[in-house]
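Contents: one structure, followed by commentary.
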Amino acid sequence: MPELIFFRRSEELMRVALDGRRLTVGRAAANDILVPDPSVSRQQFALELEGAAWRLRDLSGRGTEVAGNLAQERSLDDGIDIGLGQWRAIFSLSSAGFTDEATRGASGRDTVVQTTAASETRAVPVRLIVRAGGEERTLPLGRQATIGSAQSCEVRIEDPFVSAMHARIERRDHGLAIVDLQSRNGTFVGSARIFEAEVPIGSTLRVGEAEVVLARADRDQPLSSFEGMVGSTAAMRKVFDTIERVADSNAAVSIFGESGTGKELVARAVHARSSRASKPFVPVNCGALSKELVESELFGHEKGAFTGAERLRRGAFEEADTGTLFLDEIGELPLGLQAKLLRALELGEIKRVGATRPINTDVRVVAATNRDLRAEVKRGAFREDLYWRLCVVPLQLPPLRARRGDVRSLLQHFLKLYSPQGAAVTLAADAERKLLDYDWPGNVRELKNTVHRSLLLRRGEAIEAADLLFDRDLHLGGDRASESDTAYDPFSDDTSCVYIVGKPLERIEDEVFVKTCRRLGTRASIVARALGQSRGAAYRRMEKLGITPGGEPPEGSARRAAPGSESEPEEQ
C-alpha cells in the first residue's frame, strides 16, 4: 500500500497509509494530516488517486514544493520529496511494516500508525515522560493510564487546552493503544489527530501544549537522567539511590536543601517510583497559604463552617487519598496547625473545618523546607514531635556549587528544553567557561533562568559570553550601572547583547521584541507565544515599533516611540 513518510529535521515521525481516499494536509486541525508549522497554509495540498496514479493538488494558492520546485498540480513518483517548512514528506509506493488493521474513530476517519512487534511491546516496561509547562516528569505505565486535567487522572496535566478526561493509554495483547476520550481539542500522534490507534514505543503523544513520550523503562537507566533530574556526581547518585530504596515504603520523607535545588522534583520522583505512582500527587505550598485559610486548604470544610463557605470543600488530604501529599515549605506552617497535622499523620484521620466526625485517609506525606528545622525546634517555632514524625527519612539535597560536575549536563539539558523549535543553539567556548566558573547562589533554578534569558537575548546562533546576564548582575547599581550605560547601547548595530542595568525597561522590552521578530518572523501569535504575551500586546508593540505583522522582519535597531509618548500597558 502507498504511504507518506513524514520527517522533521531529518527525524522520521510517522507513516500514513494511503488507502485510495482523498487526503488533505495543512496547518488547520480539520485536515486529515496536521502539520504544525507556521510556513504551511491552513490547507496546503490534497492527495487524490486518479486511475493507478496519485496526484498532488495545491490548496494554498501559492504552490507546494515538490522535488524542490513549486507546483500547483503534479503526479507523484515513488520517492518524491514534498517540502513543508521544517517538515517534509516522502511519497512511497510500497508500505514498509504497516499492519493491515486500521483503527476507526468517531468521525468515521481511519487513523493508521505504524506499530512495532506485539511481543516486543508486551515484553518491555514502559514509562511516560510528561513535558508540560517547561518541566519534565516521568511516570510508570501499568495496564492503562488516563490523561487529563482532573485530579483523578493518572497523568494530570494542568493546561487550559486539556480536557478533564482527555485520552487514555492502554496495554493490549497486541501492543500499546491510544484512545481519545472525546476531548475538546484533540489528541495527536506526530501531526495526525487520532481517535484510537496502536502506536510503537518511542511515540510522542501531544495533548494541548503538553507532550507525553512512550519510552522504554529500565531500572538501570543512566544516572545522568533520573525522573526528570539531571546529575551524575557522587552527591546526586546518593540522592537517586536513596529515592530508589525508600520509594516503595509508606515512610514520611523530609527533603532539605537551599532554594532552587529541586526539592519538588525529588518529591515527584519518590511518588513516581512508589506503588502509589498511578494515584494522585497533590502539592501544597504551606508558605503561600494565608493563616486564616491554611486549615481549610489542608483538611477541607463543611458548608457554612465560616463566612464565605458556601459549599462543602475537600482539602488536600482528601484529594491525595491513596496517593502522595507534598507539603512544600513545611517550616512556614503555623504552630497552632502543627498539632492537627501531627494527629493526621499518626492516626490517619482528619476533620474538616466545621465537621463533627473525622474522616480516614491513606496518604503518604513528603515534606520539604529550606529552613533548619532542628534550629526551629530549639527556638520553639516548630514542634519537636512533628519534626520526628516527618523526618523518618531525611534527604539532604546538595547545592549546585557542591556538584559542579553536573553544570555542563544541566546547561545542555536546558538549552535543548528552551531553544526555539527548529533552532540548534550552541554555547560559545567563552560563554561555557563563564557559566562553569559561576558559583550559582540560586542553584539549578538560577541556572535554568540564565539559560532561558540568554536564549532570548542572544544576537547570533550561538550564545556568547556577552549575552550572559546573571541574577546578581540585574541588581547592581551605582558606578557599575553608569559604566554599563556608557559602554553599551542596546540600540547600536554593533552591540552583542542587551544590558539591563541602568536602562529604561521599555527600551529593553523593545529590543528583545525586535530580536524575537528577527529570529521567528513577524507573525504576532508566534512572537507573543515565545515572549509569554497576549497576541493583542504583540500587535500593539508592532504598531509602536513600525513592524508590519506578517511582513519582513525588521532590520537594524528597534525604533523608539515618539518622544514624550507613553506606551500602553502590556497585557499579562
Side-chain angles (χ1 to χ4, degrees), residues 133 135-138 156 158 226-231 235-236 238-247 249-274 276-277 279-289 294 297-299 315-317 319-320 323-335 337-338 340-342 344-345 363-377 381-403 440-448:
E135 302 291 341
E136 180 178 296
R137 66 185 192 272
T138 306
R156 184 165 180 257
E158 295 183 0
F226 182 92
E227 299 294 345
M229 294 177 285
V230 176
M236 289 309 294
K238 182 179 179 181
V239 171
F240 299 159
D241 181 64
T242 303
I243 293 172
E244 286 278 22
R245 290 171 180 270
V246 306
S249 72
N250 289 321
V253 176
S254 287
I255 307 167
F256 301 95
E258 297 178 7
S259 180
T261 51
K263 293 185 288 293
E264 182 167 349
L265 282 177
V266 172
R268 290 186 179 276
V270 170
H271 175 73
R273 293 278 170 147
S274 73
R276 299 172 181 257
K279 304 301 181 183
F281 176 89
V282 179
V284 176
N285 188 337
C286 300
L289 301 177
V294 63
E297 291 289 334
L298 288 176
F299 305 124
F317 268 86
E319 295 287 347
T324 302
L325 176 63
F326 174 51
L327 299 176
D328 197 10
E329 302 299 343
I330 189 68
E332 308 295 331
L333 198 65
L335 193 61
L337 197 61
Q338 292 176 20
K340 294 184 179 182
L341 176 60
L342 178 64
L345 296 177
V363 174
R364 199 256 184 93
V365 172
V366 178
T369 182
N370 57 10
R371 292 191 178 192
D372 183 347
L373 286 189
R374 284 177 293 186
E376 296 294 299
V377 169
F382 200 84
R383 291 179 63 106
E384 185 176 13
D385 47 4
L386 179 58
Y387 170 80
W388 293 115
R389 184 64 182 81
L390 288 171
C391 291
V392 178
V393 180
L395 229 173
Q396 183 71 44
L397 298 187
L400 190 54
R401 61 184 175 275
R403 42 181 288 227
W440 301 111
N443 295 296
V444 180
R445 183 182 292 121
E446 183 185 357
L447 186 148
K448 178 174 71 171

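The figures that follow rest on heavy atoms only: side chains count, while hydrogens, waters and symmetry mates do not.
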What is the distance from atom [atom1] of [X] to atom [atom2] of [Y], rounded to the nearest 0.5 Å?
X: Lys263; Y: Glu258; atom1: NZ; atom2: CD; result: 8.5 Å
X: Arg371; Y: Phe382; atom1: CZ; atom2: CZ; result: 10.0 Å
X: Ile330; Y: Thr369; atom1: CD1; atom2: OG1; result: 8.0 Å
X: Ile243; Y: Arg268; atom1: CD1; atom2: CZ; result: 13.5 Å
X: Lys340; Y: Phe317; atom1: NZ; atom2: CZ; result: 12.5 Å
X: Ser254; Y: Leu395; atom1: OG; atom2: CG; result: 9.5 Å

Flag, side chain of [X] to backbone of [Y], donor-acceptor distance under 3.5 Å:
X: His271; Y: Lys279; value: yes
X: Asn250; Y: Arg364; value: no
X: Glu332; Y: Ala288; value: no

**Item:** Lys/Arg N to Asp/Glu carboxylate O, Asp385 vs Arg389, below 4.0 Å
**Value:**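 Looking at Asp385 and Arg389, the cut-off is not met.
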
Indicate yes or no: at least one non-hydrogen side-chain atom of [X] is less than 4.5 angstrom from one of [Y].
X: Phe226; Y: Glu244; value: yes
X: Arg156; Y: Pro280; value: no
X: Leu327; Y: Leu341; value: yes

For residues [X] and [Y], report the shortest heavy-atom separation together with the two atoms involved.
X: Arg383; Y: Val377; value: O-CG2, 4.2 Å
X: Ser259; Y: Arg445; value: OG-NH1, 3.0 Å
X: Thr261; Y: Pro398; value: CG2-O, 3.8 Å
X: Glu264; Y: Pro283; value: OE2-CB, 4.1 Å
X: Gly331; Y: Leu373; value: CA-CD2, 4.1 Å
X: Ala267; Y: Phe281; value: O-CE1, 3.7 Å

**Prompt:** Which is it for Phe240 and Met229 under the side chain to side chain contact (heavy atoms under 4.5 Å, CB included) test, yes or no, and what are the steps along the way?
**Reply:** CA-CA 9 Å; Phe240 299 159; Met229 294 177 285; 3.9 Å; yes

**Request:** Check the pair Leu390 / Leu345 against side chain to side chain contact (heavy atoms under 4.5 Å, CB included), numbers first and verdict last.
**Result:** CA-CA 9 Å; Leu390 288 171; Leu345 296 177; 3.7 Å; yes

**Request:** Test Gln396 against Phe256 for side chain to side chain contact (heavy atoms under 4.5 Å, CB included), laying out the working first.
**Result:** CA-CA 5 Å; Gln396 183 71 44; Phe256 301 95; 3.3 Å; yes

**Request:** Would you check, one step at a time, whether the test side chain to side chain contact (heavy atoms under 4.5 Å, CB included) holds for Ile255 with Val270?
**Result:** CA-CA 11 Å; Ile255 307 167; Val270 170; 5.5 Å; no

**Partner of Leu397 under side chain to side chain contact (heavy atoms under 4.5 Å, CB included), chosen from Asn370, Leu265, Val444, Val239** = Val239

